[in-house]
Colleague: 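Once you've had a glance at the structure underneath, I'll fire off some questions.
A note on names: the letters A, B, ... follow the listed sequences, proteins ahead of strands, and every chain is numbered from 1.
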Amino acid sequence: MPIKNNRLTKEQYETNFADIHPPFENKTAAQVEASRCLFCYDAPCTKSCPTHIDVPKFIKQIVTDNVKGSAHTIFSSNIMGAGCSKVCPVEKLCEGSCVFNLLHEPPIPIAKLQRYSTEKAMKENWQLFERKNSPSGAGGKKVAIVGAGPAGLSCAHVLSREGIDVTIFEKESKGGGLMTYGIAAYKVTPQFCEDEVNYITAIGGIEIKYNQELGKDITLAQLKKEFDAVYLGMGVGVARQLDIPGEKLEGVVDAISFIYDIRSKGYPSVPVGDKVAVIGMGMTAIDAATQAKRLGAKEVTMVYRRTEAEKPCTQAELDIAMLDGCEIVWLAAPKKLKGSQGKVKQLVCSKMTLGEPDASGRRSPVDTGETFTLDVDMVIKAAGQVPFEKLVKKYKLDNKNGKIVINENCATNIKGVFAGGDAVNGGKEVVDAVQAGKDGARAILNYLF
Amino acid sequence: MANISSNFLGIKSPNPYWLASAPPTDKKYNVLRAFEAGWGGVVWKTLGSQVKNVSSRYSAVDYGGQRVMGLNNIELISDRPLDINLKEIKECIRLFPDRAMIVSLMADNDKKSWHELIKKVEDTGAHGLELNFGCPHGMTERGMGAAVGQDPEIACMVVEWVMEAATIPVITKLTPNVHSVVPTGRSVVKAGTNGLSLINTIQSVTGVDLDTLVPNPYVAGKSVFGGYCGPAVKPIALKFLTTIAQDEVTSKVPISGIGGVSTWKDAVEFMLLGASNVQVCTAVMKYGFRIIDDLCEGLSNWMDEKGFKTLDDLIGKSVLTITHWEDLDINYHHIAKINQDKCIHCGLCYITCEDASHQSINLDYGKPYNTYTVKEQECVGCNLCKLVCPVDNCITMEEHRVAPEYLNWIEFQKRGLPLNDH
Ligand SMILES: Cc1cc2nc3c(=O)[nH]c(=O)nc-3n(C[C@H](O)[C@H](O)[C@H](O)COP(=O)(O)OP(=O)(O)OC[C@H]3O[C@@H](n4cnc5c(N)ncnc54)[C@H](O)[C@@H]3O)c2cc1C
Ligand SMILES: Cc1cc2nc3c(=O)[nH]c(=O)nc-3n(C[C@H](O)[C@H](O)[C@H](O)COP(=O)(O)O)c2cc1C
Ligand code: SF4
Ligand code: SF4
Ligand code: SF4
């Protein structure tokens, strides 16, 4: 059976895409876990959270039944604290350095507790922040932000709190960035993403103009002229090309577009093959593989150039893929794609071996000269994403292969233009983008006043 | 294997665990289940004056995610008909002749009532009597319970009445709702009581409901002070116990230790500080009778490990280690030491010493883990860091005597050694 959509029943889709990290059932359950927290001083978990949420404080506030205070603690450091609690790869962040790991005991479920407080805040619509009166007196300052993703929203919220009027230009018709269009569907729902954007912008002073693309509908010159400062938080674009023969065959798709369709069109309408190969072993690759499987693909095989020791995804992510029944082939580099009648049929891979350590310190894969072939009817490319190089170059922004270069004040080479998030780091986590947005906002405030 | 059988005033039981006079001992149904589970004896729920209970009756203090660190009650003595109680007591004795059956009493405040009640109870074949001079609520307003126990003279008088009539051992149960339990203890020992038991519950307010603004337990928009018991009261019970065990008059009679006993370790501590056996209430109210297995096994294993063959070998062993402040050795000094292999870098020792003690712990910044070390010159050996450290034996207190010889406060002053010098 070739690539096909609508493979499962409504119930099957619902089960397959149900929340992967369910919340606490009730207050007692949350308080029992919260009570385990030692309330560490200069806590390792806080230091390992890119937004430096005061974790012991917010957890203690759950214990004392001050959930509103707890939510305030979280949101003060991370306005996307609700989303982060569902999508952060915590095993390498906060929970990964919880001191309980050193006792060989399960760490405090920080994200789940964070979800407990923030979910309640959103449900009850607690507005925990007030805008300052415009600091500049008459007129006030205006800032333009490109991209309503985590970086842009976080930057906007800090600026709005300080009394600045913010306008966000977003090319899509919804806010949230990759939170809404990229992250696996079993982590966040479209409804949640929309609620989160509304919750953040409810502070006021933030206008999002949808379907406005920089470089198409608006220009940087225009923004510079009409606003006192500009923040670029447009993330990164499509998946990297493999540059191997056969990449144009029907059935070869880009992971980002594949997931975009799942997130924006609904599960039944997204077609998937019987035998799917996923290329790469990052977060995106894992998300593509698991979601292909959950859409009803019979066999999903992930191929990766290096070994398990060098994998870029976390063990927790890999476990999800393995539990979903995805096959993993280590030390396999795609060499070419073969097809018939324009449709992909086979993936030929080179067998690799590990050589000397490369610049990243990881041992680099070396071709053994041997190959093997997988029968496939769909190939998903997830070997990293590429920045918006064309756009960046067009505006003469200093960049490194399309990643915008900023100085320690988050400023680009163009005066009054700041940047952060994936557009600068080339693709990290939501929580990094939120911090980048905060840093950007502080830098803009310094620049303006 | 150690012998854990107990002999209290000639009353024998297979182990030193009696159920305290309370709901678990208020009827045949419970008591038989307790004996089946293995309890050594029971003190039957207090019999006496006519009463009527209210609803609700209990409230609790939860702590650190755990329920019932302390329990509070406003219940009265037995509210069942006396005849039925007596009949059931007799039944229980017949079915479990090897267990201790003590009956708790609180008669109206006249000699005749006490004598009549004692006669009826002795007819059941009970092995001993416990006089409830402790209940802090409900009965005091009528001059009973704690009202008796708080006044050494009244207590003395009632015990004298009792001793005129009683032919079986009499234990007087003391109230902790006093500055010191010793005056009442002495006066009832002089009046002839054969033994003492303590403590009964401590007057308390467990909390206020932040929605109704009425304290707990709630009775139609009002509350009253209730008697507090459970793990929370153990330290207070141990203190009162020690004062009785150390007093030259009260230490002449055996003591039944009560107040927060929940584990075999608690029981050992009570016995080391002078209790001949222990009584348990709250732990059973929380978990049921089945906890008796571990109470016995834990005690027996510990005794084997330490080489104690019978309970008499350990009873009272620690009584004399509690001394007067001025007799403590000022030349004794110890300093905290952090075992870096065990440390999990939680920083609790640091912040507690920094904010609440002597700023004696050093912080070396690390990401994500800081390193903490003790500034030996600054450490006063207060124990605070060790107490808050979540890892067993991570912080140890290392002995560094100031001088080899014993030096107490009196001598210290005599020699004119420096004061307030830290
Ligand atoms: C498949 C996948 C799975 C992921 N899973 C996780 C996860 O589980 N957990 C996690 O923490 N992170 C995850 N990430 C990473 C995370 O989504 C990003 O790091 C984060 O969203 C970056 O935020 P940002 O604001 O910098 O960029 P984005 O989220 O990409 O937001 C940029 C916004 O700018 C808009 N935009 C782009 N170009 C223009 C333009 N020219 N004009 C106007 N608007 C424009 C975009 O439409 C978008 O809304 C995942 C990423 C991918 C691709
Ligand atoms: C609900 C309740 C009722 C009690 N009733 C009596 C009683 O009738 N007579 C009595 O002497 N003590 C009574 N007590 C006190 C207990 O016997 C015991 O002294 C006290 O609870 C301390 O022990 P514990 O910490 O093991 O509970 C009662 C305690 C509770 C909790
Ligand atoms: S935002 Fe993410 S990394 Fe930070 S504390 Fe919350 S779950 Fe952990
Ligand atoms: S490291 Fe763990 S125990 Fe310590 S404060 Fe953080 S969550 Fe709590
Ligand atoms: S309290 Fe104990 S575990 Fe925590 S930092 Fe201090 S020594 Fe280490």
Colleague: In Å and rounded to the nearest 0.5 Å, what is the CG to NZ distance from L102(A) to K342(B)?
Modeller: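 Answer rounded to 0.5 Å: 14.5 Å.
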Colleague: Is K375(B) atom NZ crowded by more than 12 heavy atoms from other residues, nucleotides or ligands, each under 6.0 Å away?
Modeller: yes
Colleague: Give a yes or no on this: more than 12 heavy atoms of other residues, nucleotides or ligands lie within 6.0 Å of atom NZ of K337(B).
Modeller: no
Colleague: Hey, is CG on D421(B) packed in by over 12 heavy atoms from elsewhere, all under 6.0 Å?
Modeller: yes
Colleague: If I compare all heavy atoms of T28(A) with all of R67(B), which pair ends up nearest, and what's the gap?
Modeller: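 Looking at all heavy atoms of both residues, the shortest contact is CG2-NH2, 3.9 Å.
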Colleague: Apply the ring-ring contact (aromatic ring centres under 6.0 Å, His included) test between Y41(A) and each candidate in Y350(B), Y369(B), Y372(B); give the one that qualifies.
Modeller: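 So the option named by the test is Y350(B).
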Colleague: At a heavy-atom separation under 4.5 Å, does V388(B) approach chain A through its side chain, its backbone, both, or neither?
Modeller: neither
Colleague: Give me the atom names and distance for the closest heavy-atom approach of F39(A) to L348(B).
Modeller: O-CD2, 3.2 Å
Colleague: Do you know which of C346(B), C349(B), C343(B), G347(B) has the most heavy-atom pairs with chain A at a distance under 4.5 angstrom?
Modeller: C346(B)
Colleague: Has F129(A) got more than 12 heavy atoms of other residues, nucleotides or ligands less than 6.0 Å from its CZ?
Modeller: yes
Colleague: Does atom CD of Q66(B) have more than 12 heavy-atom neighbours, drawn from other residues, nucleotides or ligands, at distances under 6.0 Å?
Modeller: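 Not buried by this count: 12 neighbours or fewer within 6.0 Å.
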Colleague: Which pair of heavy atoms, one from K47(A) and one from K367(B), lies closest together, and at what distance?
Modeller: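 Scanning both residues completely, I find the closest heavy atoms to be O-NZ, 3.2 Å.
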Colleague: Heavy-atom count check: over 12 atoms from other residues, nucleotides or ligands less than 6.0 Å from K60(A) NZ?
Modeller: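 It does not: K60(A) NZ has 12 such atoms or fewer within range.
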Colleague: When you compare the side chain of I344(B) with that of L38(A), does any pair of heavy atoms fall below 4.5 Å?
Modeller: yes
